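Just so you know, these numbers use all the heavy atoms, side chains as well, and skip hydrogens, waters and symmetry mates. Keep in mind that this is a model prediction, so the values were computed, not measured. Both counts, for ligands and for their atoms, begin at 1 and track the order of listing.
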Amino acid sequence: MKASRTFIRLPPLPSIRDLIRLYRLRALRQLSQNFLMDQRLTDKIVRSAGRIKDGQVCEVGPGPGGITRSILARNPQRVVVIEKDRRFIPMLENPIPQCLHSSYDFTNMALMKSCSIFSIAPFLYDNPTGHRQQCGDFQLLTEATNGKMEVIIGDVLSFNMEKMFPEEKKLDWESQPPNIHLIGNLPFSVSTPLIIRWLEAICERRSAWSYGRVPMTLTFQKEVAERMVAPVTTEQRCRLSVMCQNWCNVQHVFTIPGKLFVLPPVH
Ligand SMILES: C[S@@+](CC[C@H](N)C(=O)[O-])C[C@H]1O[C@@H](n2cnc3c(N)ncnc32)[C@H](O)[C@@H]1O
């Protein structure tokens, strides 16, 4: 039997920067949108999630799809992306637009503060409690990349991943983590409430964690990141540090310089 390759070459695609320009996309400040355009960085983020080849990946907030491309290049079995903003659908489904417009001016780009990328893996031992949450509303829109990728338009904060992955991927909590990964560069206003909801789901072994100890690779604002890993007796130690460290092995993997976030101007 022929071994499957770890990396695949995606068909030639326009750069994320060109796509944003071609689709005339403006970042929405109310969704705190900013984009990572540097493929070396998106590759590094995905690499820090560990081995995803042949695995199931859920990316939250794909936006124009920079991280998504890096995920797909590592040859996972399936990628599901959850995006709140419908404007990204054509870019995610069909990265080659029908008609090309190139009138957008990128000279006035604003920069974000630096942030940190985190690897968070649920602990082996915990204290699950009972109740389950309702499924979030979602609409499965289409398949792309030969059925490997699915785009779901919805709000990740109310999304239940209980049925998202194949049953056969489920592993006992006490065994190795399943080959299922949650990856995302979400707005900071969303990532903190989301991690609190996900910690609750981890504690109750529901949603994605009904499949076992599913790891997360997420970005957080640097100050939040420092609190998440803060050891006892340090100044940053707070309720968030205790919650994260109680349920998960939290690692600060690296810091993304603010200049690598691109926020095109809003008109
Ligand atoms: C910071 S941007 C990152 C985009 C892209 N992943 C990147 O790194 O270039 C965050 C993305 O998350 C989406 N988003 C914001 N809130 C969301 C939510 N509650 N549920 C799902 N997606 C959300 C935004 O529309 C945006 O596309």
Ion pair R206/E200, N-O distance below 4.0 Å |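 A salt bridge is present here (some side-chain N lies under 4.0 Å from a carboxylate O).
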By number and element, which atoms of ligand 1 are closer than 4.0 Å to a non-hydrogen atom of [X]?
X    : value
G154 : 20 (N), 21 (C)
I82  : 21 (C), 22 (N)
V190 : 16 (N)
P62  : 4 (C), 5 (C), 6 (N)
D85  : 25 (O)
G61  : 3 (C), 4 (C), 5 (C), 6 (N), 11 (C), 12 (O), 13 (C), 22 (N)
E59  : 6 (N)
I67  : 8 (O)

Answer yes or no for K170 and F165: cation-pi contact, defined as NZ/CZ to six-membered ring centre under 6.0 Å and angle to ring axis within 45°.
->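 Pair K170/F165 does not count as cation-pi.
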Residue pair W209, W198: steps toward the ring pair (Phe, Tyr, Trp, His ring centres under 6.0 Å) verdict = CA-CA 9 Å; W209 298 275; W198 280 1; 5.6 Å; yes
If we only count heavy atoms from C-beta on, is the I196 to L240 side-chain gap below 4.5 Å?
->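 Counting from C-beta outward, I196 and L240 do come under 4.5 Å.
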Within-shell test, P187 vs ligand 1, heavy atom, strictly < 4.0 Å |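 Yes, P187 has heavy atoms under 4.0 Å from ligand 1.
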Measure the distances from the heavy atoms of N34 to every atom of ligand 1 and state whether one is below 4.0 angstrom.
->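 It does; at least one heavy atom falls under 4.0 Å.
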Compute the shortest N/O to N/O distance between L36 and ligand 1 and return yes if it is under 3.5 Å, no if not.
->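 Yes - when backbone and side-chain N and O of L36 are compared with those of ligand 1, one distance drops under 3.5 Å.
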For Q77, does the CD atom have more than 12 heavy-atom neighbours from other residues, nucleotides or ligands under 6.0 Å away?
->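 It does: Q77 CD has more than 12 such atoms within range.
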Could you state the interatomic distance from SG (C244) to CG (N249), rounded to the nearest 0.5 Å?
->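 Nearest 0.5 Å value for the SG-CG distance: 11.5 Å.
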L171 and P178: which non-hydrogen atoms are nearest, and at how many Å?
->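 Scanning both residues, the minimum pair turns out to be CD1-CA, 3.6 Å.
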Are a donor atom and an acceptor atom from the side chains of Q56 and R78 found within less than 3.5 Å of each other?
->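 The criterion, which ignores hydrogens and geometry beyond distance, is satisfied for R78 and Q56.
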